Amino acid sequence: MGNNLQNTASLGDANIKVPEGFKIINSTKNSLKIGNNNTNYSITVSNESISSITDKYNKKHENDTVIDKDLKVGNITVKNLTLEKDGEIIHSNYFYKANNKTYHIFPKGKWDEKSFATIINSTSN
């Protein structure tokens, strides 16, 4: 791993701390993918509101079960939309506001509470 580990990554106009043990897999102006051997995060930024995103997601999956809940990570409210089909979780999406932008985190792999919180709490411009 060595040289490809970085402390921060740019996403839109913000900087996000890359959690310890994670590396940047791919980065563009409005998207970032970071990971380690167990967990990957795809993170995007947009100007769309969380309520608009939630409405679109619910309409797109109107024939499935969408679990919609708000979580607190530090002082930040995070919207969690989890898609279920036939009683099985298909995937979860997380949305939060920072710097007047909406950030979307799509995790894959093993859940890692510490790295998830690091990403959210470190988003700054």
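Quick caveat: nothing in here was measured; it's all calculated off a predicted structure. Each residue takes its place number in the sequence, starting with 1.
- Residues Leu81 and Ile90 fall within the same hydrophobic cluster, defined by Ile, Leu, Val, Met, Phe, Trp and Tyr side chains chained together at heavy-atom separations under 4.5 Å.
- With hydrogens and angles left out, the side-chain atoms of Thr82 and Asn80 include a donor and acceptor closer than 3.5 Å.
- For the pair Ile34 and Pro19, the minimum side-chain heavy-atom distance is below 4.5 Å.
- In this structure, a donor-acceptor pair under 3.5 Å is present between the side chains of Asn47 and Lys101.
- Linking ILVMFWY side-chain heavy atoms closer than 4.5 Å, directly or via other members, places Ile50 and Ile105 in two distinct hydrophobic clusters.
- Residue Tyr41 comes nearest to Ser115 through the heavy atom pair OH-OG, 2.7 Å, listed as atom of the first residue, atom of the second, then distance.
- Side chains of Phe22 and Thr39 form a contact here, defined as non-hydrogen atoms less than 4.5 Å apart.
- Ala14 and Asn99 get closest at one heavy-atom pair: CB-ND2, 3.5 Å.
- At least one side-chain heavy atom of Ile24 sits less than 4.5 Å from a side-chain heavy atom of Leu32.
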*Asn30 and Val45: side chain to side chain contact (heavy atoms under 4.5 Å, CB included), yes or no, with the steps?*
CA-CA 5 Å; Asn30 293 316; Val45 61; 3.4 Å; yes
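- Aromatic rings of Trp111 and Tyr94 (six-membered ring for Trp) have centroids within the 6.0 Å cut-off, being under it.
- Rounding to the nearest 0.5 Å gives a distance of 7.5 Å between OG of Ser27 and CG of Leu11.
- The minimum heavy-atom distance linking Asn40 with Ile25 is given by the pair OD1-CD1, 3.4 Å.
- Asn36 approaches Gly21 most closely through the heavy-atom pair CB-O, 3.3 Å.
- Dense packing is recorded around CG of Asp70, with more than 12 heavy atoms of other residues, nucleotides or ligands lying under 6.0 Å away.
- Between His61 and Tyr57, the ring-plane angle classifies as tilted under the 30° and 60° cut-offs.
- A salt bridge links Glu48 to Lys56: one of the charged nitrogens lies within less than 4.0 Å of a carboxylate oxygen.
- In this structure, CD1 in Ile43 is found 7.5 Å from OG1 in Thr123, a value given to the nearest 0.5 Å.
- Closest non-hydrogen pair, Ala98 versus Tyr103, comes out as O-CE1, 3.3 Å.
- Atom NZ of Lys69 is surrounded by 12 or fewer heavy atoms from other residues, nucleotides or ligands within 6.0 Å.
- Counting non-hydrogen atoms of other residues, nucleotides and ligands closer than 6.0 Å to NZ of Lys33 gives a total of 12 or fewer.
- Asp13 has a carboxylate O that lies under 4.0 Å from a charged side-chain N of Lys29, or vice versa, which qualifies the two as a salt bridge.
- Smallest separation of non-hydrogen atoms from Asp68 and Lys79: OD1-NZ, 2.8 Å.
- At a threshold of 4.5 Å between non-hydrogen side-chain atoms, the residues Glu84 and Asp64 do not count as touching.
- Phe116 pairs in a side chain to side chain contact (heavy atoms under 4.5 Å, CB included) with only one of the listed residues (Ile120, Ile119, Thr118), which is Ile120.
- Here CG of Asn37 is found 11.0 Å from NZ of Lys110. Values are rounded to the nearest 0.5 Å.
- With sequence neighbours excluded, the residues forming a side chain to side chain contact (heavy atoms under 4.5 Å, CB included) with Asn121 are Val73, Ile76, Ala117, listed by chain and number.
- Taking the side chain as every heavy atom from C-beta outward, His104 and Asn93 approach each other to under 4.5 Å.
- Residues Ile53 and Thr102 are in side-chain contact: their nearest non-hydrogen atoms beyond the backbone lie under 4.5 Å apart.
- Between the side chains of Ser31 and Thr28, at least one donor-acceptor pair of N or O atoms lies under 3.5 Å.
- Under the 3.5 Å distance criterion, with hydrogens and angles disregarded, no donor-acceptor pair is assigned to the side chains of Thr77 and Tyr96.
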